[in-house]
Amino acid sequence: MSSSPVRVRFAPSPTGMLHIGGLRTALYNYLLARKHDGVFVLRIEDTDRERYVAEAEKDIATSLAWAGLSFDEGPGVGGEAAPYYQSERKDIYKGYVQQLLDAGHAYYAFDTPEALQQLRDEAEHAFSYNAATRGALDNSLSLTDEEVQQRIANGEPYVVRMKVDHDITVRFSDEIRGSVAFEAEKIDDQVLLKSDGMPTYHLANVVDDHLMGITHVIRGEEWLPSTPKHVLLYDYFGWEAPAFAHLPLILNPEGGKLSKRDVERGGIPVSVRDYIERGYEPEALINFLALLGWNPGTEQELFSLEELVEAFSLERVGTSGVQFDLDKLNWFNEQHLRRLDLDGFVERVAPYAPKGESGYLRDVCALMQDRVSFARDVISEAGYFFEAPTSYDEKGVKKRWKDDSAMLLQAYADSLDEAATFDAETAEQRLRDLADEHDVGAGRLIHPTRLALSGVTFGPSLFAMMEVLGQRECVSRMRKAVQELGD
RNA sequence: GCCGCGUUCGUCUAGGGGUUUAGGACGCCGGCCUUUCACGCCGGUAACACGGGUUCGAAUCCCGUACGCGGCACCA
C-alpha cells in the first residue's frame with residue numbers, strides 16, 4: 001500500500017444527466033482515494049456554455065449521493081483549491097494562457113469557425129490545424145505583430161492555440177495499458193482559449209489538475225487520444241504530469257458505445273437516474289459497476305462499498321471494452337437485497353408499500369425477502385397481502401379447483417373460524433386433520449386454499465402466509481372463494 | 001482516410017511460458033429440496049480471432065492479418 005498522498009478527481013460536465021459510465025469513473029476514483037486515505041475531489045467542468053444544462057449539476061450530486069460516493073472537496077463542501085467550477089476560474093486560465101503565449105508555446109488565431117469548417121469540408125481526407133498548415137492560416141505566426149495587436153484592439157474575436165512542434169514522439173505511461181506513444185505530427189494545434197474567453201477542456205483540465213494537486217487522472221478511454229496534448233501542456237508549463245489511467249469503455253449489448261438509443265433498443269438505461277427510478281439498490285449498481293472492467297483476482301463477487309475499497313487496485317482494471325449485461329445487474333440486485341437484515345429490507349420496501357401498520361409490512365417482508373429481485377416486487381408480486389384477490393388465476397383454477405374443493409374449503413374455513421388461537425401451526429394442523437377426515441391428500445386442500453387467499457398458485461409457504469394474513473381475513477377470503485368459484 | 005487502444009465461454013472474467021482435461025460468475029438446461037412458486041444446493045452447456053515466428057514446450061512472448069471500439073471541434 002502506498003503512503004503517497006493520493007488526490008483524484010471526478011470532473012463531469014453538466015451537459016446532461018449523469019451517465020452510467022460516468023458513475024463508474026467516479027467510483028474508480030473514489031475507490032482509489034479511499035484505498036489510500038487520499039482525497040476525492042469533485043470538479044464541475046462547465047466551460048461549454050452552449051451545452052450547459054442547469055438540471056445536470058443537481059443530478060450529478062444526487063446520483064453520487066445515492067450511490068454513496070462522498071467527495072472531500074468540491075461544490076458545496078469547499079476546499080483549499082476552490083472554486084471547483086471551471087466557469088469561476090476564468091481569470092486563472094487567462095494567466096496561464098499568457099504564460100504559454102509569452103513562451104512561444106501558443107499563439108493567437110483569428111480563423112472563424114465557418115472558415116475552418118469549410119477547410120474541413122474541402123479537405124480530401126481530414127483537415128488539421130498544425131505545423132504544416134498553420135503558416136497559411138490566419139494567426140499570429142503568419143501575421144505581423146502590429147497586425148495582430150491591431151486586430152485584437154479592434155475587438156476581433158480570436159482563439160489561442162497551442163503550438164505543437166513536429167518531429168517528436170510523445171510518450172507516456174498509462175497505469176492500465178502501459179506505454180503509449182503518439183507522433184507529434186498527428187497532433188493538431190488544439191484551441192486552448194475559446195473566443196468567448198472560456199478555456200477548452202484540454203487547457204482547463206491540465207491547469208486545474210496541477211493546481212489541485214491531482215496525482216492520478218482516472219477517466220474513460222475516449223480521452224486517450226487527447227492525452228498527448230495534455231502531456232505536452234504539462235511539459236510546456238514545466239509541471240510534472242499526474243499518472244494517467246484510461247478505463248475501458250462500457251459498451252451496449254451489441255458492442256457499441258452506450259448511448260441514449262440503447263434505452264429504447266436494448267432496455268439498457270444510460271442515466272444513473274433511470275436506474276434509481278427502476279428501483280435498483282445502490283449497493284447492487286456499485287458492485288456491478290466495480291466488476292465491469294475490474295476484478296479482485298479472487299472468486300469473490302459480492303462486495304459492499306467498503307469491501308471494494310479494501311480490494312481495489314488500478315493494476316487489476318482490464319483493457320478491453322466491456323458489454324453491459326442487465327441480467328447480471330439484476331442478479332446483483334437480488335443478492336444485495338438478500339444480504340440486508342430484515343429491518344434493512346423493510347426500509348427498502350416501505351416506500352412502495354401502502355400505508356399501514358409497520359409490523360404487518362415487516363411480517364410480509366420476512367416472507368418475501370428471498371423471493372424478489374426488486375424491493376418493489378414485494379408489493380407488486382404479493383399484492384394479496386394488502387388487498388383481497390378480486391379474481392382467481394384461470395389456469396390455476398382449472399388445475400387446482402376440483403369438484404370437492406368448495407366443500408373442503410368451506411369445512412376448513414369453519415374449522416379455522418372456531419379456532420381459539422391462530423398461527424401457522426394450528427392452520428396446518430387443522431388442514432391435515434380435515435384432509436385425514438375426508439380421506440384426501442393435504443394437497444387437495446392446500447392448493448385451493450392458496451388460490452382462495454392469494455388468487456394465484458405461487459407464493460410463500462401457505463401456512464406462514466395464513467398466519468400473517470390472520471384468522472378473520474383467511475376465513476373471509478376462503479368463504480368468498482367458495483362463493484365465487486362454487487362447485 | 002489517418003492515429004490510437006483492444007481481442008479467453010453469449011456476457012463479466014481468472015490465468016501472464018509447463019501446475020490446464022483452460023477456473024469462477026451471470027444467463028440457459030437438468031436434478032435435489034418443497035404437495036405451490038421462488039430461494040438454496042448439486043450437475044451440465046459453452047471460449048484462448050486467424051497466420052507466422054521464438055521455445056524442448058505458448059492461451060500466455062514477438063510480428064503480421066482480420067475484426068471491434070475510440071479519437072481526429074472555438075464539446076467535454
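Lettering follows sequence order; numbering is per chain, from 1.
For the pair A:R273 and A:Y275, the NZ or CZ position fails the cation-pi test of under 6.0 Å to the six-membered ring centre and within 45 degrees of the ring normal.
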Which pairs, protein N/O on one side and nucleotides 44-50 of chain B N/O on the other, fall under 3.5 Å?
none

Give each protein N/O atom lying under 3.5 Å from an N/O atom of nucleotides 69-73 of chain B, with the pair distance.
{"from": "B:G71", "atom 1": "OP1", "to": "A:K257", "atom 2": "NZ", "distance (Å)": "3.2"}

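Remark: A:D341 CG is packed, more than 12 non-hydrogen atoms of other residues, nucleotides or ligands lying under 6.0 Å away. Sparse packing is recorded around CZ of A:R171, with 12 or fewer heavy atoms of other residues, nucleotides or ligands lying under 6.0 Å away.
Listed by first then second residue, pairs satisfying side-chain hydrogen bond (donor to acceptor under 3.5 Å, both in side chains) with a partner in residues 312-321 of chain A read A:N295-A:R316, not counting sequence neighbours.
A gap of 8 Å separates the C1' atoms of B:G17 and B:C61, to the nearest Å.
At a cut-off of 3.5 angstrom, counting only N and O atoms as typed in the model, there is no donor on one side facing an acceptor on the other between the side-chain of A:R371 and the base of B:C39.
The CD atom of A:E315 sits 17 Å away from the C1' atom of B:A14 (whole-angstrom rounding).
Here A:G293 lies in heavy-atom contact (under 4.0 Å) with sugar-phosphate atoms only. When heavy atoms are screened at a 4.0 angstrom cut-off, A:V159 is found touching base atoms of the nucleic acid.
Between A:P199 and A:V372, the residue anchored closer to the 5' end of RNA chain B is A:V372, taking for each the nucleotide with the nearest heavy atom.
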